[in-house]
Amino acid sequence: MNKIKNKFILIPVLTAIVFLGCSIFFNYALKTKDYKSYVLFLNDISNKNISTVYITNSPKISVKLKNGAIYETDNPRTNDFKESLLKNNISVSEDTPYDNRGLFSTVGLVISIIAIAVMWLKSSNIPSKGILAVDNLDTVEVGSTDYNFESIAGNEEAKESVKDLVDFLKKPDKYASYGARMPKGVILYGEPGTGKTLLAKAVAGEAGVPFYAVSGSDFIQVYVGVGASRIRQLFKKARNNSTGKAVIFIDEIDAIGKKRDSGKSTGGSDERDQTLNALLTEMSGFNEKEGIIIMAATNRLDMLDPALLRPGRFDRHIEIMLPDISAREKILDLHLKNKPIGNINIKEWAQKTSYFSGAKIENLVNEAAILACKENSKNINDLHLDKAFSIVLAGHEKKNRDYIKDIDRKITAYHEAGHALVSLKVLPNETVSKITIIPSTKGAGGYTLSIPEDNLYQNKNYLKNRIMVLLGGRAAEEIIFGADYITTGAHNDLKRSTSISFNMVTQYGMGETLGLLNMEELLNLNLNQDEIVKECKEFIDSIYEEVKTLLLNEKHNLENITNLLLEKETLYKEDLVLKDI
Ligand code: ADP
Ligand code: ZN
């Protein structure tokens, strides 16, 4: 885009040069006029050669002959000079004679310079990115995107969470008539390349409304006030399109909506505040009936300014996760669909690409296609994917954790299986809804989600069982890999179990050291806390032994869940069936 603009800028540059030349020529070269003495001038008068005399207050006056030639002569400065000329039927002008050609080229020059300035400012200041950057919104036909939910493989939960938005965009009036308040803003968060942009485009595509995309970073690094005015411009454009509806997508929202760090104030953050405020103002400015939804993407939800996340703003948050094995298979299928493929074992490739994002899988398939093409091979096959795999890994391996070592996957799988198994055993009324070894914001290695029972009170036994579940991860690691090979993966679990046991002993009157005494009330007394720590430790230690015994008795189930996890990466409630030996 920039290149094209640079080419166009040559046109005004060329015209400017031409006009500059003309203007110098006409205004200066031609201005050195002939001079005739006053006597010759009087001669011309009597010969009736003169059409106009330009009387000014300068020592010389200009004379224009009937044949168009102009010369200068001395200004007689007599009182009746003008009258005597008029009597001779000569027109008199009190301006200097101007040369149309000179004026014309000066005007041309000025216009060309303005054109250069405008083009230069446009191409340097407004980054033209993506199909619908703000600067060319009016030039691009803002029809809906070609994307729909079919364009996204996997990500089922995320798709499900935006379906009502599509319906709302189609019939905003219907929702308004029920008094239903739809979210104005939706935040999609998750690793780069997981399909956040794709999902936003698909929402616009499914609803058949125009899609406007900008990136948060486009609003930064510009002069103060420009970012804010661009936001206003963007909303104006989105509202004024023929349908009146739109999906506005803001990538990298954190660039404008990052948490403000208190105290520190730099020039850049002033600009950011202005931009952010403009965005919030625009968002509160349109009402629910309008059918405009703003979707924003970020890698980290916790980095965002809470002001952005309040109700009526970006109040729906959807996590877009890295694909698990079955999702990866679908993504591979999708991207191989329209390509000539030979002997490819898609299932195996879905396995090999663990921790790959959708974008990386797309990249892999593309590299393989390029290789096949270079070789003039009949089709793309396993060998091309093999080579492409090393290329893609070599390019990414150092940058992030794409290629987690097998042993780490195994540790994560045993650890999570430990949590899940203990939970199934000691808290049978809680549903283990999901267990995965795919990292996300919920856990760097993997995580186990369970739906707690809805009780007003938690009893002592329940709290003890919660601690058991929390310790299940570490216990499984120790049983399988040995006491010397336990890992840092239990860090968070231990924090939480410590906190529960400490509260039991010091707040809820469930321990021995303090009995029914409450720690907060006792604090002024400077009592011996060692005793309490000792009790908490003994308590946790004995629970830990209990957990290990439980897991040892259930080792076959631990192995089963782990193997299933390693195979499928994500398990749901129905996958978790325990067997007795
Ligand atoms: P993000 O916005 O999360 O960084 P994108 O939406 O830009 O990611 O994804 C980049 C590309 O990766 C997409 O254009 C698509 O080709 C591919 N991709 C990512 N996720 C998926 C998916 N779930 N299904 C199909 N393709 C995907
Ligand atoms: Zn854990």
Side-chain angles (χ1 to χ4, degrees), residues 129-131 145-159 187-205 211 213 215-216 249-254 295-300 318-324 326-338 350 353 356-366 392 400 411-423 435-437 439 442-450 466-478 486-497 547:
K129 208 182 185 186
I131 41 167
T145 67
D146 304 333
Y147 294 88
N148 55 30
F149 287 147
E150 313 278 82
S151 327
I152 309 169
N155 271 345
E156 301 304 332
E157 289 154 64
K159 274 192 257 181
I187 291 208
L188 308 173
Y189 64 100
E191 302 263 328
T194 43
K196 297 183 286 296
T197 314
L198 204 59
L199 186 68
K201 280 184 189 164
V203 168
F211 179 74
S215 172
F249 179 68
I250 307 177
D251 204 359
E252 298 176 58
I253 182 85
D254 34 307
M295 301 184 81
T298 181
N299 300 341
R300 305 245 332 251
I318 300 173
E319 180 169 18
I320 313 289
M321 297 209 280
L322 282 174
D324 62 14
S326 73
R328 291 199 303 271
E329 191 179 327
K330 288 182 199 147
I331 297 175
L332 278 164
D333 266 333
L334 188 84
H335 288 288
L336 285 168
K337 203 169 61 188
N338 297 318
T353 47
F356 270 46
S357 66
K360 201 146 303 139
I361 294 175
E362 196 269 341
N363 187 213
L364 171 75
V365 170
N366 189 50
V392 172
N400 50 38
I411 293 169
T412 311
Y414 274 111
H415 180 106
E416 298 305 331
H419 284 309
L421 180 52
V422 176
S423 180
I435 151 171
T436 179
I437 55 171
K442 293 193 194 74
Y447 60 90
T448 300
L449 266 189
S450 55
R466 272 252 70 96
I467 295 176
M468 285 186 81
V469 174
L470 286 166
L471 296 179
R474 162 60 63 86
E477 286 183 39
E478 188 187 326
I486 53 179
T487 72
T488 51
H491 175 214
N492 234 339
D493 302 334
L494 298 183
K495 254 174 98 165
R496 283 165 62 200
S497 54
V547 171

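Residue numbers run from 1 in the order of the sequence given. The analysis underlying the following values was restricted to heavy atoms, covering all of them including side chains, and did not include hydrogens, waters or symmetry mates. Just so you know, ligand 1 is whichever comes first in the structure, and atom 1 is the first atom listed for that ligand.
Residue contacts with ligand 1 for K330 are absent, since no atom lies close enough (heavy atoms, distance under 4.0 Å). Contacts with ligand 1 closer than 4.0 Å are made by no heavy atom of L188, backbone or side chain. Contacts between K196 and ligand 1, counted as non-hydrogen atom pairs separated by less than 4.0 Å, involve both the backbone and the side chain. Proximity of S151 to ligand 1, defined as any heavy-atom pair under 4.0 Å, is confined to the backbone N, CA, C and O atoms. Under 4.0 Å from ligand 1, heavy atoms of T197 appear from its side chain as well as its backbone.
Within the model, atoms CD1 of I318 and NZ of K159 stand 13.0 Å from one another, a figure rounded to the nearest 0.5 Å. Rounding to the nearest 0.5 Å places CG of L188 at 5.0 Å from CD1 of I320. The CG atom of L364 sits 8.0 Å away from atom CD1 of I361, with the distance rounded to the nearest 0.5 Å. Distance check: N155 CG to E319 CD gives 10.5 Å after rounding to the nearest 0.5 Å. We find the CZ-CZ distance between R466 and R496 to be 7.0 Å, quoted to the nearest 0.5 Å.
For ligand 1 and A153, the ligand atoms under 4.0 Å from any heavy atom of the residue are 22 (C), 23 (N), 24 (N), 25 (C). Remark: ligand 1 atoms within the under-4.0 Å shell around heavy atoms of L334 are 25 (C).
Ligand 1 has an N or O atom lying under 3.5 Å from an N or O atom of L198, backbone or side chain. Ligand 1 has an N or O atom lying under 3.5 Å from an N or O atom of G195, backbone or side chain.
The protein heavy atom nearest to atom 26 (N) of ligand 1 is H335 NE2, 2.9 Å. Of all protein heavy atoms, the one closest to atom 18 (N) of ligand 1 is G358 C, 3.6 Å. The protein heavy atom nearest to atom 12 (O) of ligand 1 is A359 CA, 3.1 Å. Given atom 4 (O) of ligand 1, the protein heavy atom at minimum distance is G193 N, 2.8 Å.
Within the 3.5 Å criterion, the main-chain N or O of G190 finds a donor-acceptor partner in the side chain of K196. Looking only at distances, no side-chain donor or acceptor of S423 sits under 3.5 Å from a matching main-chain atom of H419. Under the 3.5 Å distance criterion, the side-chain polar atoms of E477 are matched with a main-chain donor or acceptor of T487.
With contacts defined as side-chain heavy-atom distances shorter than 4.5 Å, the pair N299/D254 does not qualify.
Between the Zn ion (ligand 2) and the N, O or S atoms of H419, the shortest distance is to NE2. Within D493, OD2 is the N, O or S atom that lies nearest to the Zn ion (ligand 2).
Counting all heavy atoms, side chain and backbone alike, L199 lies closest to A158 at CD2-CB, 4.2 Å.
Ligand 1 does not have K201 within reach: every non-hydrogen atom of the residue lies 4.0 Å or more from it.
Other residues, nucleotides and ligands contribute only 12 or fewer heavy atoms inside 6.0 Å of the OH atom of Y147.
Taking all heavy atoms of I152, T298, T194 into account, the minimum distance to atom 20 (N) of ligand 1 is reached by T194.
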